[in-house]
Asks: 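Next up is a structure, given as structure tokens.
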Amino acid sequence: MTSWRERLVDRTDPELTREIDAYEQQLELKKQGKVEANLFQETRLRRGVYGQRYDNGLRHDGIAQRTLPFPCGDLKKGPETVWDAPGMSRIKIPFGGLNPEQMELLADLAEEYSDAILHVTTRQDIQLHYVHIENTPDMMRRLAAVGITTREACGNSVRNVTGCHKAGCCMSETFDVTPYAAAAMRFLLGHRDTQDMGRKFKVTFSGCAGEACGLTSLHDLGYIAKLNEQGERGFAVYVGGGLGPVPYQAKLFSDFVPESEILPLAQAVCRVFARYGEKKNRGRARMKFLVHKWGIEEFRAEVLKEREQLTPDPAWTAYLDEVAAYGEQPPRPGAPLGATDDAEFEAWRATNVYRQRQEGYAIAMATLPLGDLTSWQMRQLADIARKFNGGYVRTTVDQNIVLRWVPEADLPALYQAFKAIGIARPGAGTIADVTSCPGTDTCKLGIASSRGLAAELTERLDAKFGTLDPRVKELQIKVSGCFNSCGQHHLADLGFYGVSRKMDGATVPHFRAVLGARRENNAHEYGQTIGAIPSKRVPDFVERLTGLYLDQREEGESFPDYIGRLGKKGLKPVLDEFSEVPPRLVDSSFYSDWRDAREFNISDIGTGECAGAVVSRIDFDLQEAERLHYEGQIALESKEYQKADDTAYLAMVEAAKALVRLREPNISDDPDAIVAKFRSEFHDTGLFHNKFVGGNFAMHLFRRHEDKARRYDEDNARHLLEEAQLFIEAAYDCQARLSEQPQLQPSLA
Amino acid sequence: MNLHKIGVKVLAQNGDSVDLVELIPVFHRWIQTAAVEDLLIDVADYSHVHQGPGVMIIAHEGDYAFDESRGRRGIVYYSKHALGGELADRLAIVTRKALKACQRLSAEREAGGVSFPGNELEIFANDRLLAPNTDETHETLAPVITAFLDKLYGEGAYEIERENDPRERYALRVRASAPIEIDTLLERVAA
């Protein structure tokens, strides 16, 4: 076998193979200069292929900013992104669910295409860094063969659908949300109504209102499991949450939506967001701004109106049969475990084990430092999962990994197995389990080194973990490299985000403290921003503030309550104590960041791709027409004349559909319907006509469409490909005329 | 075999004396001064991970690391893009880059006196399409690798152990009977 495509084609859903073939062809077209930079950028983002720090070809090495002379020359993969510069690949793991086969494959990919490290994100994805774009199609093929996609992992699309890692096993859940999260993922992935949104869209499912596993409050669309008075299943639905520079709490849309309605409701919300959401101002384009601007009442009314107009779709309820049948089957019977005399094991058990509602079973958590594990660890963990729990593994929003359905009696042996591969660190969910986004390590937007700070805090807190007061142990720290909050600093007792300050003629890395969030009830209260502290003083600040909390707390007072009682004024003295930066001659260490020896500067901050680019649906459709035309040319070269001919025809139909969609967004994929509508709306009206050749190019489509006894040979295929090229160009011309002369624009039906 | 993604790890002596975090400034300095071959991009710190890639220099052509996988520390270099020449030439290129990095690191004050006796290597294929860890791959690659090792250590002067987990990369662990200077190995690679 000479390619992964050849090797895996029989094991992959043909539709996925076609999608990845199309993506690979788009890479080829980009290299030929046939795809515009913004369009290609959004195309790759929607396949999970993301930019990374220094990918503009510039890097400050601590002395000066240097050009990185990549061999690709001027070839770009985005407006400011050099083709050869390594990037990040985000891999969607719906509700964090993984099986051993998938884990082994991920381990292989990390070794072969990345740096042998798998990074668990705060939205249960897996990220690989330093991936070359030329490797991404093979990576996608290998993932597809084990049922994983990167599609819509980035860009203006529906991102990974997250869910409680304890779902199905949780003491406090109403019911298992797993099959609903899976159904929402499948339904929204690639859905036509999610392709034209102005910004990313995040969905989550939570099993209960009281805990924080699903983090409903910070999602665009959040579902919390609920039963109505008749005991029927449904969800409380929240909309318009989000973190970022200005965090918004999601608003209650409905306190009960029946299970049969959750998918059409999601569809209606997406349509409203796509239609009315901000598209130009990237900083105001998340749905939270629309909900805020309209108010929840108006937003709700518009969504419900939209819901009424939707064409019924069998997919809305088809999955409900699977819900009844859904359930994980533990391979071994549950078995209780009493207290043991192994102090080390018991310390781990106290923080890393959760007793399931099913008697005799537990969820065991592997605490991953900074969310990282190696390929070798992942492979070994796959074996451990096979042996101990039937392979039911999930990633968590706190960047850890859990094994569910472990018989409690097996926990000592599991602990030893974890220990043997270096993932038996106690302290899951405690102050020593620090969450961090990638920050300046790899993110283009990072200001300060969140991972460097998180690593330093982890090391220090680990060293004294056994002696920490339980009330300090239970706190959480989350760090982001900038205000965009990928490290979810708004959700922590002690949150920090990277900023910079000019001092002594230099730039000094700082972190702004965000304190006192309340994570219970799906993170119902964000922390309050206090002040900035030099990066190098943050660990001492944490020690001082937690010490003050123990000394000054009133009876029964929680940390958020303590912070609330002190307020900014009360916290000022402790901030002042740590805000001073010594002159460089006295202590130069303040002028570089944690675990980055270079003198600190912010010149490496690039243009982020989180917001993607606003690319309209018609651009994607016309690009698909171009790609089909290219595929037809390849077929002609391979002497596959029928394929070349049919593909050239499909390219014209696709280009026609691109235009027709301006008039009728829900036009079906039926060529008869598309051609008829194209004829009446664009040909007969003269909108498609070129001023030199009139409607001739449209005739290429009509003739081929009506040719029911097509003769497939080389000449016909070649001529049709030429005609298709002209037709596609004419479609582009038509699009340009319509955008320049809005009065000609057909109004939306 | 048209294999280009090849890696070589040179095992260190006193590797545990190195504080990995102390290597971060060393590697940044290497980038500033172009101390090793390739288009050097950035330093990646994985010192927090158990027996991981340690501290790395991410480069375009390949990656360097002071790696601690399997609990043994050493310098790794692995190529990521096409290399010139025949397989034997490519193996020599990768080995040369790893050995030069060893030479350089031994001279760094922050490296805690680490040294490279030169008698232990790991050679691996980082490409499961072309070179999965199978007997067939071994039959194809072993003659080339053995010829290369004969050149480095002399015929019969070393032992080879093959990675036995089929899921892992195809890898050979090589142990020569006596230490050998890195300079000497470099001369033999170039010969």
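Computed from a predicted structure; not experimentally measured. Chain letters run A, B, ... following the sequence lines, proteins first and then strands; every chain starts at 1.
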Asks: Just wondering, do Trp376(A) and Arg70(B) contact through their side chains at under 4.5 Å, heavy atoms?
Replies: yes
Asks: Is it the backbone or the side chain of Gln380(A) that comes under 4.5 Å from a heavy atom of chain B, or both, or neither?
Replies: side chain
Asks: Set out, in order, the CA-CA distance, both residues' side-chain angles and the distance that settles side-chain contact (heavy atoms from CB on, under 4.5 Å) for Arg59(A) and Ile31(B), then state yes or no.
Replies: CA-CA 11 Å; Arg59(A) 177 180 181 272; Ile31(B) 295 176; 3.5 Å; yes
Asks: Rounded at 0.5 Å granularity, tell me how far CZ in Arg379(A) sits from CZ in Arg167(B).
Replies: 7.0 Å
Asks: Checking Gln65(A) now: which residues fulfil side chain to side chain contact (heavy atoms under 4.5 Å, CB included) with it, not counting sequence neighbours?
Replies: Leu58(A), His60(A), Ser603(A), Asp604(A)
Asks: Among Ala455(A), Pro86(A), Ala597(A), Gly452(A), who wins on heavy-atom pairs under 4.5 Å with chain B?
Replies: Ala597(A)
Asks: If you define the side chain from C-beta out and look only at heavy atoms, does anything of His50(B) sit under 4.5 Å from Arg425(A)?
Replies: no
Asks: So which heavy atom on Ile117(A) is nearest to which on Pro53(B), and how close?
Replies: CD1-CD, 3.7 Å
Asks: Between Glu134(A) and chain B, with a heavy-atom cut-off of 4.5 Å, which part of the residue counts as in contact: side chain, backbone, both or neither?
Replies: neither
Asks: For residues 107-116 of chain A, give me every residue with a non-hydrogen atom less than 4.5 Å from any non-hydrogen atom of chain B.
Replies: Asp108(A), Glu111(A), Glu112(A), Tyr113(A), Ser114(A), Asp115(A)
Asks: Rounded to the nearest 0.5 Å, how far apart are CZ of Arg128(B) and CZ of Arg7(A)?
Replies: 11.0 Å
Asks: Say you draw a straight line from CD1 of Ile63(A) to NE2 of His28(B); how long is it, rounded to the nearest 0.5 Å?
Replies: 12.0 Å
Asks: Relative to chain B, which segment of Ile423(A) carries a heavy atom at a distance below 4.5 Å: side chain, backbone, both, or neither?
Replies: neither
Asks: Of the listed residues (Asp165(B), Val26(B), Val49(B), Asp63(B)), which shares the most heavy-atom pairs with chain A below a 4.5 Å separation?
Replies: Val49(B)
Asks: Flag the pair Ile24(B) / Asp596(A) as yes when at least one side-chain heavy-atom distance between them is below 4.5 Å, and no otherwise.
Replies: no
Asks: With only heavy atoms counted, which part of Ser69(B) is less than 4.5 Å from chain A, the side chain, the backbone, both or neither?
Replies: neither
Asks: What part of Leu40(B) is in contact with chain A, defined as an atom under 4.5 angstrom from a non-hydrogen atom: side chain, backbone, both or neither?
Replies: backbone
Asks: Count the heavy-atom pairs under 4.5 Å between each of Asp372(A), Leu373(A), Asn135(A) and chain B, then report the option with the highest count.
Replies: Asp372(A)
Asks: Closest approach of Gln51(B) and Thr374(A), non-hydrogen atoms and distance?
Replies: O-CG2, 4.3 Å
Asks: Considering only NZ, NE, NH1 and NH2 on the basic side and carboxylate oxygens on the acidic side, decide whether Arg53(A) and Asp42(B) come within less than 4.0 Å.
Replies: no
Asks: Inspect the surroundings of NZ in Lys387(A) and state if more than 12 heavy atoms from other residues, nucleotides or ligands are less than 6.0 Å away.
Replies: no
Asks: Between Arg142(A), Glu459(A), Arg595(A), which residue shows the highest count of heavy-atom pairs closer than 4.5 Å to chain B?
Replies: Arg595(A)
Asks: Between Arg29(B) and Asp61(A) (salt bridge meaning N to carboxylate O under 4.0 Å), is one present in this structure?
Replies: no
Asks: Chain B: which of Pro71(A), Gly62(A), Ala85(A), Ala64(A) shares the most heavy-atom pairs with it under 4.5 Å?
Replies: Pro71(A)
Asks: Which heavy-atom pair separates Pro69(A) from Leu39(B) by the least distance, and what is that distance?
Replies: CD-CD1, 3.4 Å
Asks: Which residues, numbered in order, of residues 82-107 of chain B come under 4.5 angstrom of chain A by heavy-atom distance?
Replies: none
Asks: How far does CD1 of Ile58(B) sit from OH of Tyr130(A), to the nearest 0.5 angstrom?
Replies: 5.0 Å
Asks: Which residue pairs pass the ring-ring contact (aromatic ring centres under 6.0 Å, His included) test when at least one of the two sits in residues 66-91 of chain B, sequence neighbours left out?
Replies: His132(A)-His81(B), His60(B)-His81(B), Tyr64(B)-Tyr77(B)
